[in-house]
Amino acid sequence: MAEIVVKVNLEALPEGGFLATSDSLPGLIAQGRTISETIEIAQDVARKLIESYKEHGDPLPEELQPVPVQRAELQIPVGVA
């Protein structure tokens, strides 16, 4: 299975929680209580949008082409009590 890197914009909402959107994948909107939850929801939405592109025979936006990752530096959220 190929993996595709999707750039996501994440913002804290004034009423609490977080919102994720993507300039590179129109239609990706996800909201969650925590950063981790929001990212997980965004991954599910992205997967469904990409599957829809493929089912309809539409080309993926160039930024979403599969990218083999040899090495990457990531910052990941970790919930702590």
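Residues take their numbers from the sequence shown, with the count starting at 1.
- The closest side-chain heavy-atom distance from Lys48 to Val45 is not below 4.5 Å.
- Here the OG1-CG distance, from Thr21 to Asn9, works out to 4.5 Å after rounding to the nearest 0.5 Å.
- Between Thr38 and Gln31 the shortest side-chain heavy-atom distance does not fall below 4.5 Å.
- Annotation: the span from Ile76 atom CD1 to Ile35 atom CD1 amounts to 12.0 Å, rounded to 0.5 Å.
- Within the 4.5 Å cutoff, the side chain of Ile4 has heavy atoms near those of the Leu60 side chain.
- Taking 4.5 Å as the limit, some side-chain heavy atom of Val6 sits within range of a side-chain heavy atom of Leu64.
- Contact record, Ala20 with Val8: CB-CG1, 3.5 Å, taken as the closest heavy-atom pair.
- One finds the OG atom of Ser52 at 7.5 Å from the CG atom of Asp58 (value rounded to the nearest 0.5 Å).
- Under the 3.5 Å distance criterion, with hydrogens and angles disregarded, no donor-acceptor pair is assigned to the side chains of Thr34 and Ser36.
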| task | Could you go through the side-chain contact (heavy atoms from CB on, under 4.5 Å) check for Ile29 and Leu19 one step at a time? | result | CA-CA 7 Å; Ile29 300 172; Leu19 178 70; 3.9 Å; yes

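- Separation of atoms CZ (Arg33) and CG (Leu13) is listed at 13.5 Å; rounding is to 0.5 Å.
- Taking each heavy atom of Pro59 and Tyr53 in turn, the nearest pair found is O-CD2, 3.3 Å.
- Across all their heavy atoms, Glu63 and Ser24 have their closest contact at OE1-CB, 2.7 Å.
- Contact check for Ile41 versus Phe18: no side-chain heavy atoms found under the 4.5 Å cut-off.
- Atom CD of Gln75 has 12 or fewer heavy atoms from other residues, nucleotides or ligands within 6.0 Å.
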